[in-house]
Amino acid sequence: MLEMTRIRAERNEIIEGLKKRNIDVTETIDAVLEKDQQWRAAKTSMESIASELNKIAKEIGDLFRQGKAAEAEAAKTKTSELKQEESSLKTQVDELEAAITELLYQIPNVPNALVKAGKNEEDNETVEEVGTRKPLHEGAVPHWELTKQYNLIDFELGVKVTGAGFPIYRGKGAKLQRALIQFFLDEAEKAGYEEFIVPHVVNEASAYGTGQLPDKEGQMYYIPEDDLYMIPTAEVPLTNIYRDVLLPDESFSIKLTGYTPCFRREAGSYGAHVRGLNRLHQFDKVEIVRIEHPTNTDKALTEMIDHVKGLLAKLGLHYRVLRLCGGDTGFASAMTYDFEVYSAAQEKWLEVSSCSRFDTFQANRLKLRFKTADKKNQLVHTLNGSALALPRIMAALMENHQTPEGIEIPECLHKYTGFKVIN
RNA sequence: GGAGAGUUGGCAGAGUGGUCGAUUGCGGCGGUCUUGAAAACCGUUGUACCGCGAGGUACCGGGGGUUCGAAUCCCUCACUCUCCGCCA
């Protein structure tokens, strides 16, 4: 959520910036500013009446103590009109506040200066492409064939037990999955991230804190009985650890990581896009989260990108890095880099990671602040990224490392899998 | 599932209708003393919003009510803890 003070001060810059998302928020912003004006006026009058009432109440107290009951009773009659006025102003103030919040929820984050204007994924910039396409052997197949052939993942069994989009990993498939999780966590730890094991369901306040609510409730599984939401990403519980926190000084740099399954209802998927591991209702992911001083955000994002690059390089995958255009950048994000690996057998790019900076957008809702040297409270910057999401990495590994003799496992995973090839 | 007790400032913990934004202790910050430190002593120390400012308003789990006046009384919701039951 954008800060009100910023909207007051930078109306034009915000409107201009958001045009890169292919939207025009002039109307919304001006409505916010108008209601803000009214709100402040109503609030000021309400408070002066409150002040008046407080004064009278004090006088009445004094009169009673002095035994002047008659005078006290007389003073009481003065208050009723003021009280009525106050309560009607309070209604106004409350309504305006609600209306402003409602409008603010509709305004996405302002894109970073580096972000290009654009409509959708076709306008994304390729920042870098690393590695080359390894030619596959004759008879190479997509991962959904390989998983069947080597008995690694059983999609039908998942349908039986739960439903579509809930695959069951078995044997070496299960072991490879676990190996990847351990590898990612160990690498994150080496990079200075503290590991957390967090709840897989969260309360409503947490879902608001990271911006899943309001609006995106349809994307989460919800447990009405207990009023809890199943997490769509570890970002939610990890970031909410720091909800309503005031950091005592400016010398912080918080790096968190955690593995969790992620649950997404993802309505409206279809066809080849959802084949095999491409799109699931439940998948595993290792997430990295950072809470940084605003002056450190550029550096932090670069470090996160380098970290993800390192993982992909060790896995021997050919990948590219995209800077998303305005229209494709998530609602809360100021700038997002996507990582995609090439799936030779499917002949397409698969998104395996997404690293974003949110600047103060999330922190504002989370009320996550730090004390500056001159004792002011200032919002922190938050960032997060996947390092990495498992299913498409599994898919890419199987497809790209397949040989007529079997699937070769990258060396960095050997100590976790205990095997070097799946055949 | 049954019964009970709670929720107050960074933490601990008082406060049952007015002088309470709130006793006190710890912690933090500043000072005295000291070569330095510790101890002791003195002082200071919440957040948000409105206002150019002086200043004002709100906040004692959330919401509502009673009252001239609520941390304190009433209603309601949420959460936490303890004991019993069940269970991995």
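Everything quoted here is computed from the prediction, not taken from an experiment. Each chain gets a letter, A, B and so on, in the order the sequences are listed, and its residues count up from 1.
- When the C1' atom is compared between B:U80 and B:U66, the two are found 29 Å apart, to the nearest whole Å.
- B:C11 and B:G46 have their P atoms separated by 14 Å, given to the nearest Å.
- Counting only heavy atoms from C-beta outward, the side chains of A:Val127 and A:Tyr337 approach each other to under 4.5 Å.
- For the pair A:Met335 and A:Thr329, the minimum side-chain heavy-atom distance is 4.5 Å or more.
- Between A:Tyr221 and A:Phe263, the angle of the ring planes goes over 60°, which puts this pair in the perpendicular group of the 30/60° scheme.
- Not counting sequence neighbours, the partners of A:Asn120 by the side chain to side chain contact (heavy atoms under 4.5 Å, CB included) test are A:Glu122, A:Asp123.
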task: Could you run through nucleotides 52-72 of chain B and give me one letter per nucleotide, 5' to 3': B if any protein heavy atom sits under 4.0 Å from the base, S if only the sugar-phosphate is that close, - if neither?
output: ----BBS---------BS---
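- Of the side-chain N and O atoms in A:Arg369, one or more sit less than 4.0 angstrom from OP1 or OP2 of B:A48.
- Taking the C1' atom of each, B:G21 and B:U72 are spaced 15 Å apart, rounded to whole Å.
- If you take atom P in B:A71 and the same atom in B:G17, they sit 13 Å apart, rounded to whole Å.
- Ring centroid separation for the pair A:Phe252 and A:Phe370 comes in under the 6.0 Å cut-off.
- A:Leu379 has its CG atom 10 Å from the P atom of B:A48, to the nearest Å.
- Look at the C1' atom in both B:A5 and B:C86: the space between them is 23 Å, to the nearest Å.
- Atom name C1', nucleotides B:G30 and B:U82: the rounded distance is 44 Å, in whole Å.
- Spacing between B:U47 and B:A39 at atom P, rounded to whole Å, works out to 26 Å.
- For the residue pair A:Thr91 and A:Asp94, no side-chain donor N or O sits within less than 3.5 Å of a side-chain acceptor on the partner.
- No side-chain heavy atom of A:Leu247 sits under 4.5 Å from any side-chain heavy atom of A:Arg369.
- In terms of heavy atoms, A:His307 sits closest to A:Ala191 at ND1-CB, 3.7 Å.
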message: Once pairs are restricted to Watson-Crick or G-U wobble with both distances under 3.5 Å, how does RNA chain B read as a dot-bracket string, [ ] for crossings and | for other-strand pairs?
response: ((((((((.[[[..)..(.....]]]((((((.......))))))(((((....))))).[[[[[..)....]]]]])))))))....
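- The interatomic distance linking A:Asn203 (CG) with B:C79 (P) rounds to 9 Å, in whole Å.
- Legend: side-chain hydrogen bond (donor to acceptor under 3.5 Å, both in side chains) pairs involving residues 74-86 of chain A, not counting sequence neighbours: none detected.
- RNA chain B lies under 4.0 Å from no heavy atom of any residue of residues 236-255 of chain A.
- Residues A:Asn124 and A:Glu121 form a side-chain contact, since some pair of their non-hydrogen atoms from C-beta on lies under 4.5 Å apart.
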Could you tabulate the donor-acceptor pairs under 3.5 Å formed by side-chain atoms of residues 105-119 of chain A, not counting sequence neighbours?
residue: A:Asn109; atom: ND2; partner: A:Ala332; partner atom: O; Å: 2.9
residue: A:Asn109; atom: ND2; partner: A:Phe358; partner atom: O; Å: 3.1
residue: A:Asn112; atom: OD1; partner: A:Leu114; partner atom: N; Å: 2.9

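- Residue A:Asp62 is out of contact with every strand shown, counting any heavy-atom pair closer than 4.0 Å.
- Contact of the A:Tyr229 side chain with the A:Glu204 side chain is registered, since non-hydrogen atoms from C-beta on lie closer than 4.5 Å.
- Rounded to whole angstrom, the span from the CD atom of A:Glu3 across to the P atom of B:C49 amounts to 10 Å.
- Between B:C59 and B:A70, the two C1' atoms lie 13 Å apart (nearest whole Å).
- Dashed line: the shortest gap from a side-chain N or O of A:Arg8 to OP1 or OP2 of B:C50 is under 4.0 Å.
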